[in-house]
2 protein chains.
Amino acid sequence: MTDNPSYKERKVITIGVVSELTGLTERQIRYYEERKLIFPERSPRGNRKYSFADVEQLVEIANKREEGVQTYEIRQDMLKAQRLRDEKRNRKELLRGEINARFGIQKN
Amino acid sequence: MTDNPSYKERKVITIGVVSELTGLTERQIRYYEERKLIFPERSPRGNRKYSFADVEQLVEIANKREEGVQTYEIRQDMLKAQRLRDEKRNRKELLRGEINARFGIQKN
DNA sequence: CGTGTAAGGAATTCTGACACG
DNA sequence: CGTGTAAGGAATTCTGACACG
């Protein structure tokens, strides 16, 4: 209620706390950012801030890494999943557009 | 899913971020703790950690303060609200007990 | 009472780099 | 490639205290 109720997405957690939460070292967390697996925000001074969603993402990355999956592969999988989500969304919009074309504009 | 999905209650936010989020100074935030209006956890070293629920609580406190309400009164209101919640819970349990006494133990 | 501030110290975080493998 | 570590600096946080009102 403060301003945005999506507690899961708000980037408010510092790297030290993320380290505690995930069991990863700060070095690892920064490295995964370098490999474009995670995208923290920055405070005015430059301190990284993560969301709970980021924390979960990091746990998944950690699991993959334990299985020996390289960061490059993890990134490829992420991109693929992203593409699938985008396509799905696009198909939905396309369908909506067709419906509107035939039956006219209507809310919802 | 990491371990506890209650993002709203997890105490993971440092005082600096809470200050940004609420607009309160760190001095004020610490003072409200001294007056028992807010109860952060502590990191191993002693750094305060707050939840989103705490942040919302602080915003409410800030509003009350702007209206001129003193911290003591705010605390009294909090305690009263807590008592009401407790009583409600107790009445519920009492009722459950009576039902069980008459109709025997049953789950739920 | 509620809040600002200067004080001193300890822990945090950041970046770039060297190391190993 | 993925991670550890020492390096140096800047920002963060903590406590206890003095100040004002």
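To find a chain, count down the sequence lines: A is the first, B the second, and so on, and within it residues start at 1. The figures here come from the full heavy-atom set of this structure, side chains too, leaving out hydrogens, waters and symmetry mates.
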Please report, rounded to the nearest Å, how far the [atom2] atom of [N] is from the [atom1] atom of [X].
X       : N      : atom1 : atom2 : answer
B:Glu26 : C:dA6  : CD    : P     : 15 Å
B:Leu37 : C:dG2  : CG    : P     : 9 Å
B:Ile29 : C:dG2  : CD1   : C1'   : 14 Å
B:Arg65 : C:dG4  : CZ    : P     : 11 Å
A:Ile15 : C:dA11 : CD1   : P     : 19 Å
A:Ile74 : D:dG2  : CD1   : P     : 8 Å
B:Glu41 : D:dC14 : CD    : C1'   : 18 Å
B:Glu34 : D:dG16 : CD    : P     : 10 Å

Exercise for the section: Would you mind pulling out the nucleotide paired to D:dA11, Watson-Crick or G-U wobble, both distances under 3.5 Å? Expected result: none
Exercise for the section: Sort out the partner of C:dT5 for me: Watson-Crick or G-U wobble, both distances under 3.5 Å, none otherwise. Expected result: D:dA17
Examine [N]: is either OP1 or OP2 under 4.0 Å from a nitrogen or oxygen in the side chain of [X]? Give yes or no.
X       : N      : result
A:Tyr31 : D:dG2  : yes
A:Thr14 : D:dT12 : no
A:Arg45 : D:dG9  : no

Handout entry: OH/A:Tyr72: more than 12 non-hydrogen atoms of other groups inside 6.0 Å
Key = no
Practice task
Give a yes or no on whether A:Arg102 atom CZ has more than 12 heavy-atom contacts from other residues, nucleotides or ligands under 6.0 Å away.
Solution key: no
Problem - Side-chain donor/acceptor of A:Arg27 to base of D:dT5, under 3.5 Å - result: yes
Selection from [options] that lies nearest to any side-chain heavy atom of [X]:
X       : options               : value
A:Thr25 : D:dT13, D:dG4, C:dC14 : D:dG4
B:Asn47 : C:dT12, C:dT13, C:dG4 : C:dT12
A:Arg42 : C:dC14, D:dT3, C:dG4  : C:dC14

Practice task
Kindly say whether A:Lys36 contributes a backbone atom to a donor-acceptor pair with the side chain of A:Arg75 at under 3.5 angstrom?
Solution key: yes
Handout entry: Side-chain donor/acceptor of A:Ser19 to backbone N/O of A:Leu24, under 3.5 Å
Key = yes
Completion exercise
Comparing nearest nucleotides in DNA chain D, the 5'-proximal residue of the pair A:Gln28, B:Arg48 is A:Gln28
Handout entry: Closest contact, heavy atoms only, B:Val69 versus B:Glu73
Key = CG1-CB, 3.7 Å
Problem - Sugar-phosphate only, base, or nothing, as touched by B:Ser43 at under 4.0 Å among non-hydrogen atoms - result: nothing
Fill in the blank from the handout: Judged by nearest nucleotide, the residue sitting upstream toward the 5' end of DNA chain C, B:Tyr72 or A:Gly46, is B:Tyr72
